[in-house]
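Bear in mind that the values here come from a model prediction, so they are computed numbers and not experimental data. Quick note: numbers below take in every heavy atom, side chains included, and nothing from hydrogens, waters or symmetry partners. The first residue in the sequence is number 1, and the count goes up from there.
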Amino acid sequence: MISEDTTSSIPSKRGSSALQMGPRKKASTSDPLVSHGRHFGRTVFALCNYPSLLTNGILRLEQMEDTPLEEFSAEYNNAFFFLLQLLESYPGLLERLRNGSEEEILHVGELIGKGAAGARGDDTKTLKSAVLDWIAPKGEAIRPPLHRNSKIDRGFNHELTGSLLCPAGLDWNDPQTKDNLRSGELLVCGDQWPVFLYAHHTYDAEDPWCGLLRSRLLVCAYKHVFTSPSSVDREPKATRSGNARLHGMNSVTIASMAYIATQIRFALSSSSVFSRTDTVTDSETFYHSLLDLLEDPDESKEVDELLVWWNHQVFPTSAAAKRPITANSALSKIRQKRFALKQILNPNVVTS
């Protein structure tokens, strides 16, 4: 946790302009912060301008003594919450930022951002090909064929990828719906979730939580990224290697589910370049819409059950996969305090 001295005054070293800062340091791939950024982006907060997050966050720490939380916007409060998670996850980072110049803060942000962007790029590249193996009908080839190195024929252009990307609640088998999606007459926003998010790709309008984020496709992609490509079709014991083990990860996080869903949505699309500001795929809106639901305290019961299910799929030997958190336990109290902190940081969220 962040100690109370985080609100103490920080040396005013950020008043100079960019012209006075001198040459910027080159982000080194060997810096530990790059590796940390790779994991942080995948598991905590993926689509973010890290230099801006750190710069604004340090200023926020300076202002907290004199400015009530309610005077900050909800968006600003959410970003600050992610900063706190970043500071908690990397010992010594807070002190480095508090004592650093503006150039140093920006450099740290670039290192973390370099890691997050590098991981996202690596995952985008490998999933582009791998996803075709997971969506192909069992024992059959995809017809017409989809190219592994080109995405132009994916998205709504192809029967298979189109059926998976079709927004839940719409009928892909309806010729008019299909034509409108293919022509672009029916625009799909990021908060219109595709049916592939659901178990067996089946959406129940009467119970929209049923099967949500429990599709085999998502599990395959998650294992591919976090526990190694070879673990996708093997027994759970194969999950001891890969990115999860490298970073001591033994349970699924909310943000990592949203990250994988965003990656698969992009892999199925016809877009060739992943960009958080792309208005066509609207990936940023999609990612944040999932986070908004999964981090909503009102949905905690469903989310806890979902995490237990996910941990059983990916980390079956982990304690997190055994059962939901016991009521009134120390762990449940910690979770409640975390939710309370998020309530303070985001006053617009109302709980029942």
Side-chain angles (χ1 to χ4, degrees), residues 1-69 71-73 75-119 243 246-250 253-256 295 334-335 337-346:
M1 295 295 293
I2 304 300
S3 58
E4 293 182 358
D5 65 358
T6 58
T7 58
S8 60
S9 60
I10 302 173
S12 181
K13 300 178 181 179
R14 290 171 285 282
S16 59
S17 69
L19 294 177
Q20 298 173 316
M21 287 165 58
R24 299 284 291 279
K25 300 177 182 178
K26 183 178 180 180
S28 170
T29 55
S30 62
D31 193 294
L33 280 171
V34 175
S35 176
H36 191 74
R38 292 179 67 88
H39 189 63
F40 188 85
R42 284 170 169 151
T43 60
V44 181
F45 197 28
L47 306 179
C48 172
N49 182 325
Y50 289 96
S52 176
L53 176 71
L54 294 184
T55 301
N56 292 333
I58 291 300
L59 291 176
R60 167 70 179 272
L61 287 174
E62 292 178 327
Q63 298 167 355
M64 282 186 68
E65 289 182 332
D66 305 316
T67 307
L69 290 169
E71 293 188 15
F72 295 99
S73 68
E75 181 180 2
Y76 194 44
N77 283 331
N78 286 336
F80 184 66
F81 177 72
F82 287 120
L83 172 67
L84 293 182
Q85 289 184 288
L86 177 60
L87 296 177
E88 288 178 1
S89 67
Y90 196 90
L93 180 58
L94 175 60
E95 198 65 26
R96 180 173 176 179
L97 296 175
R98 289 176 62 193
N99 296 328
S101 63
E102 180 179 6
E103 180 186 10
E104 174 66 10
I105 294 173
L106 291 174
H107 178 59
V108 169
E110 288 178 349
L111 289 171
I112 297 172
K114 182 181 181 67
N243 291 312
L246 180 64
H247 294 279
M249 180 183 182
N250 57 15
T253 67
I254 284 173
S256 63
E295 294 181 341
I334 292 174
R335 287 289 298 275
K337 290 195 68 174
R338 171 66 70 180
F339 279 136
L341 172 61
K342 293 181 70 175
Q343 285 280 143
I344 295 175
L345 295 176
N346 188 352

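Residues Tyr50 and Gly109 share a closest heavy-atom pair of CB-O, 3.3 Å. Here the closest non-hydrogen pair linking Ala255 and Val44 is CB-O, 3.2 Å.
Put simply, CG on Leu54 and CD on Glu110 are 10.5 Å apart, with the number rounded to the nearest 0.5 Å. With values rounded to the nearest 0.5 angstrom, Leu59 atom CG is found 7.5 Å from Ile105 atom CD1. Note that the CZ atom of Arg42 and the NE2 atom of His247 stand 7.0 Å from one another [nearest 0.5 Å]. In this structure, CG in Asn56 is found 10.5 Å from CD1 in Ile58, a value given to the nearest 0.5 Å. Here the straight-line distance linking atom OG of Ser35 with atom CG of Leu111 works out to 11.5 Å at 0.5 Å rounding. Note that CG of Leu83 and CG of Leu93 are 8.0 Å apart. Values are rounded to the nearest 0.5 Å.
One N or O on the side chain of Ser89 and one on the backbone of Leu86 form a donor-acceptor pair closer than 3.5 Å.
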- Query: Would Leu53 and Ile112 satisfy side-chain contact (heavy atoms from CB on, under 4.5 Å), going step by step from the backbone distance to the final call?
  - Reply: CA-CA 11 Å; Leu53 176 71; Ile112 297 172; over 6 Å; no

- Message: One pair to check against side-chain contact (heavy atoms from CB on, under 4.5 Å): Tyr90 and Phe40. What are the steps and the verdict?
- Response: CA-CA 10 Å; Tyr90 196 90; Phe40 188 85; over 6 Å; no

- Checking side-chain contact (heavy atoms from CB on, under 4.5 Å) for the pair Leu246/Arg38: CA distance, chi angles, key distance, verdict? CA-CA 11 Å; Leu246 180 64; Arg38 292 179 67 88; over 6 Å; no

- Query: Where do Glu295 and Ile254 land on the side-chain contact (heavy atoms from CB on, under 4.5 Å) test, with the steps shown first?
  - Reply: CA-CA 8 Å; Glu295 294 181 341; Ile254 284 173; 4.2 Å; yes

